[in-house]
Number of protein chains: 2
Amino acid sequence: MARAAGVSPTTVSHALNGKGVVRRETVERIERIAAEIGYRPSAIARGLQNSRLGLLALVIRPFHSLDTFLPEGVDYFLRIAGAASLSAMERGYSMMLIDDPTRPGVPFSALAADAYIVTEPFENDPVLTMLSEQRIPFVTVGADPARRDLFPSIDEAAGQQAMTMIDHLSQAGAHRIALVTGTDRNDWNLGSRQALVDWCEARGQQPLVLALPEAEGEQVGERVIDHFFSGDPAERPDAVFCLTGRHAAGVTEAAIRRGIRVPEDLLVAAGSGAMQNRTSSPTVTTLDLRPEETAQLAVEVAVALAEGRPVQEPLATPTARLDIRESTTRAPGRAR
Amino acid sequence: MARAAGVSPTTVSHALNGKGVVRRETVERIERIAAEIGYRPSAIARGLQNSRLGLLALVIRPFHSLDTFLPEGVDYFLRIAGAASLSAMERGYSMMLIDDPTRPGVPFSALAADAYIVTEPFENDPVLTMLSEQRIPFVTVGADPARRDLFPSIDEAAGQQAMTMIDHLSQAGAHRIALVTGTDRNDWNLGSRQALVDWCEARGQQPLVLALPEAEGEQVGERVIDHFFSGDPAERPDAVFCLTGRHAAGVTEAAIRRGIRVPEDLLVAAGSGAMQNRTSSPTVTTLDLRPEETAQLAVEVAVALAEGRPVQEPLATPTARLDIRESTTRAPGRAR
DNA sequence: CTGAAAGCGCTTACAG
DNA sequence: CTGAAAGCGCTTACAG
């Protein structure tokens, strides 16, 4: 480019960036020639100056166990990703969706972001360890359960969200609530579990909790029913609260297959919604986690960190919205 | 790092990349120290060598007129983005979701991808012009209607997909099919329109076509009905084929509000599905464009281009799957 | 107003 | 086996 315009690289740089002092005509000539030959400064070379590319990365940790962003009917991750990409754009950043940046052989780019957003980190998550060791800015959505106040994080208040549902089930007539969590050791699973345990303790009940792999989706239905309904009839739950929508869908189906009526004999609810919960019969009550708002907040924080600006803590995700559906709505007078 | 290990940068580079010849012990020492101080080579500096970052970019052009990746109930774009990100990872690339890289003030990173995927480019799309001028590799999903064979593209066969639906409507009893396209001048809208025009011509009919903004979604319902049902009764369609699921949802609602029964008096179908088409009453027949497979193919091509490998043309998106629902299913004997 | 020099943090011939 | 030099494509003091 410098050669084409017959000037030095310095002048090209000055002219195109409006820095320094360059004669008007020179600027115009350089701009014209740049347009002609389709010259654009290399983003990489520019990034090298201040080690900033204007790039954010989103690491969706549950992907690790789920192996997809698109579990059938589950749009949570995609909604996070879409909203985060949008928010990033609005702030002049690009957003990159990556898997695990600690894996050997990741592309250069996976380590080149100015700041990272890590959703649902695991206990002692190696991704956070790496990021913090390298002093790369990051914010998590849901804390690392083992390092709660060590890193900037957006609190999910998993326990509080769980209580919203537990209260609802209780009001809907449940006396004995069983909880089905996933197996990932993240704040969502652990925090929700703790909330139920505390709640049961306060009422002198033994908590009924089962952890099953998120990835198994609807398939876990039979196992959940077997687990809670094969023992002492006095110990059977009258409500099952599954953290994932697909688990709840599977439980609902399995219950009905076994002749357990939903909601008459058993209330079922999910801590996060899947499409099938809106279309199944009965439809299933869920929590809408409002991932779009969470993503927006996360991007806001990530950008601040990338630019070295201070972040106002504490940060929290929006309160989940309770979508009450048939699975927890007993017709008055028809309750068992 | 070099200083910390008491060796030259060259040796560090050799040791960490397994290139050149370095004594075993030296390699080990360097690796140990690197681990200790959390040293990782800068992705940007490495990228500068071969101007490759291992970064792909996805430019979803309809975003321009839609202003969101998440129109209520429409998961098409997100499914493309999610699947593309996944496929990229599998091939050792990161995927970046960006808006319009030609806009002034875009982040450096938006111009730093090794190859671009542009979905649904517009006629004479400036994004393609810029990319081709700068000799940045790219592939489009759906051709630029004005430069059909100029750039590598994955053919959507919009006309063929439209014919699938037109044939279905015809078999379901339609004699007069109206088409509602979007207003973006892309291959999808233009190709589908052409297919209907040809089909009508072959049957000596005047084509009934209306283009309305994609972004208006369900709102267009009334306008579509007004447009096609206010004139000469002999000229009224007995089927409306909307390219977008939200348009179809709006048309179905509006028709019913006006006392036009669906499917008895009017068949309605959509060229791409939205959630509401599966849950409305009646449910609406749609085409499933299988965005995941399209995304996977696009990434495959983009990676090949980024690595300078030849691409096997012609390329085509998978054949859409027809999801037949109530809006085009007349009970036998009950048809008008 | 313009350009030669140094530097961003690495890698790659090449010389020792 | 190791390191000094050059270079990737820019930008930023600084000198002229």
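Computed from a predicted model, the values in this text were never measured in an experiment. Each chain gets a letter, A, B and so on, in the order the sequences are listed, and its residues count up from 1.
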Practice prompt. Please test E31(B) against Y39(B) for side-chain hydrogen bond (donor to acceptor under 3.5 Å, both in side chains), starting from the C-alpha separation and ending with a verdict.
Written response: CA-CA 9 Å; E31(B) 279 173 348; Y39(B) 169 84; over 6 Å; no

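Classification of R91(A) and E300(A) as a salt-bridged pair holds, one side-chain N sitting under 4.0 Å from a carboxylate O. With salt bridges taken as basic N to acidic carboxylate O contacts below 4.0 Å, none links E120(A) and R61(A).
For T26(B) and dT2(D), the shortest distance from a side-chain N or O to OP1 or OP2 is below 4.0 Å.
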Worksheet item: How does protein reach along nucleotides 7-16 of chain D, written 5' to 3' as B (base within reach of a heavy atom under 4.0 Å), S (only sugar-phosphate), or - (no contact)?
Response: BBBBBBB---

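Although no hydrogens or angles enter the test, the distance criterion places a donor-acceptor pair under 3.5 Å between the side chain of R29(B) and the main chain of A5(B).
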Expected list for residues 128-138 of chain B: side-chain donor-acceptor pairs under 3.5 angstrom, two or more places apart:
from    : atom 1 : to      : atom 2 : distance (Å)
T129(B) : OG1    : D125(B) : O      : 3.2
T129(B) : OG1    : R147(B) : NH1    : 3.0
T129(B) : OG1    : R147(B) : NH2    : 3.3
S132(B) : OG     : T129(B) : O      : 3.4
Q134(B) : OE1    : R40(A)  : NE     : 2.8

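The nucleotide dG16(C) finds its pairing partner in dC1(D), both defining distances of the Watson-Crick or G-U wobble pair being shorter than 3.5 Å.
Residue contacts shown for V21(A) include a base, since a base heavy atom lies under 4.0 Å away.
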